[in-house]
Amino acid sequence: MKFPEECRYTKDHEWVRMEDGLAVVGITEFAQAELGELVFVELPTAGKHVAQKATMCVVESTKAASDVYSPLTGTVVGINEALSTDPGLINSSPYTEGWLVKLSGVSELELNALMSAEQYQKHVER
């Protein structure tokens, strides 16, 4: 299982990676494996303000529908349009092609409070 060093993680299995001043958000490899085959993703609209730990979107698998919580407070400035036709990208490529949203205006304090790759790996191995 992969735990990219450049990402920060939540206990709810979301990851965040900063790119060009924006926070790119997705769910971890562990989360997608637990959910099983993803068949639908309900993403927020661009411009929506999300609060840290509030429901940001919903992913639906062959097992169940699950809320995805925002790891940071910010404004949605980008959504992964490819997921509307191929939600399986989250299963096949959770850290690259399967990203969910991009947030702007995020807090560095909130970001730095998230788990490192090493801390998250220990969290899921318990």
Side-chain angles (χ1 to χ4, degrees):
M1 190 163 294
K2 295 178 184 172
F3 303 93
E5 292 290 327
E6 67 274 17
C7 296
R8 304 293 292 188
Y9 301 88
T10 71
K11 290 181 179 177
D12 294 320
H13 311 291
E14 292 90 12
W15 59 262
V16 178
R17 179 179 58 241
M18 294 304 294
E19 291 181 1
D20 301 324
L22 299 177
V24 182
V25 177
I27 63 172
T28 66
E29 184 177 1
F30 176 84
Q32 67 81 25
E34 290 291 308
L35 290 167
E37 181 184 354
L38 291 167
V39 295
F40 182 75
V41 180
E42 182 182 333
L43 295 170
T45 57
K48 180 179 180 177
H49 181 78
V50 292
Q52 187 178 38
K53 300 180 183 177
T55 300
M56 180 178 67
C57 62
V58 176
V59 293
E60 189 174 321
S61 72
T62 53
K63 295 179 181 177
S66 300
D67 290 338
V68 177
Y69 304 104
S70 182
L72 303 169
T73 300
T75 301
V76 176
V77 294
I79 59 171
N80 189 349
E81 301 278 356
L83 297 178
S84 64
T85 56
D86 189 3
L89 288 172
I90 297 171
N91 295 111
S92 62
S93 182
Y95 297 107
T96 54
E97 294 179 46
W99 62 276
L100 298 171
V101 301
K102 293 181 180 179
L103 302 175
S104 70
V106 299
S107 161
E108 198 166 314
L109 287 175
E110 287 181 355
L111 179 66
N112 290 335
L114 299 176
M115 289 186 281
S116 68
E118 182 180 345
Q119 291 169 321
Y120 179 69
Q121 184 173 358
K122 288 179 181 173
H123 173 70
V124 298
E125 290 176 348
R126 288 185 198 161

Could you check whether any side-chain N or O of [X] sits under 3.5 Å from a backbone N or O of [Y], counting only pairs where one atom can act as donor and the other as acceptor?
{"X": "Asp86", "Y": "Ala82", "result": "no"}
{"X": "Asp67", "Y": "Met56", "result": "no"}
{"X": "Gln32", "Y": "Glu29", "result": "yes"}
{"X": "Arg8", "Y": "Asn112", "result": "yes"}
{"X": "Asp12", "Y": "Val68", "result": "no"}
{"X": "Gln52", "Y": "Pro71", "result": "yes"}
{"X": "Ser61", "Y": "Leu35", "result": "yes"}
{"X": "Lys2", "Y": "Pro94", "result": "no"}

According to a hydrophobic-cluster definition based on side-chain heavy atoms being under 4.5 Å apart (Ile, Leu, Val, Met, Phe, Trp, Tyr only), do [X] and [Y] belong together?
{"X": "Leu114", "Y": "Val101", "result": "yes"}
{"X": "Val50", "Y": "Val77", "result": "no"}
{"X": "Leu103", "Y": "Val41", "result": "yes"}
{"X": "Trp15", "Y": "Met1", "result": "yes"}

Would you check if there is a donor-acceptor pair between the side chains of [Y] and [X] at a distance under 3.5 Å?
{"X": "Thr55", "Y": "Tyr69", "answer": "no"}
{"X": "Thr73", "Y": "Glu110", "answer": "yes"}
{"X": "Gln119", "Y": "Ser116", "answer": "yes"}

key: Smallest separation among heavy atoms of Leu43 and Cys57, with atom names   = CA-CB, 4.0 Å

From CA spacing to verdict: side chain to side chain contact (heavy atoms under 4.5 Å, CB included), Leu100, Asn80 = CA-CA 5 Å; Leu100 298 171; Asn80 189 349; 5.9 Å; no

Would you mind reporting whether [Y] and [X] have side-chain heavy atoms less than 4.5 Å apart?
{"X": "Leu111", "Y": "Leu72", "answer": "yes"}
{"X": "Met18", "Y": "Val106", "answer": "yes"}
{"X": "Glu14", "Y": "Val16", "answer": "no"}
{"X": "Tyr9", "Y": "Phe3", "answer": "yes"}

query = Where do Leu89 and Trp99 land on the side chain to side chain contact (heavy atoms under 4.5 Å, CB included) test, with the steps shown first?
reply = CA-CA 8 Å; Leu89 288 172; Trp99 62 276; over 6 Å; no

message = Working note: His13 + Ile27, criterion side chain to side chain contact (heavy atoms under 4.5 Å, CB included); need CA distance, chi angles, decisive distance, verdict.
response = CA-CA 6 Å; His13 311 291; Ile27 63 172; 5.8 Å; no

ask   = Are there more than 12 heavy atoms of other residues, nucleotides or ligands under 6.0 Å from atom CD of Glu6?
value =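 Count over threshold, so yes.
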
key: Stepwise side chain to side chain contact (heavy atoms under 4.5 Å, CB included) check, Thr28 with Tyr120   = CA-CA 10 Å; Thr28 66; Tyr120 179 69; 2.8 Å; yes

ask   = What pairs with Gln121 under side chain to side chain donor-acceptor pair (under 3.5 Å), at least two apart in sequence or on another chain?
value =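 Partners of Gln121 under the side chain to side chain donor-acceptor pair (under 3.5 Å) test: Glu125.
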
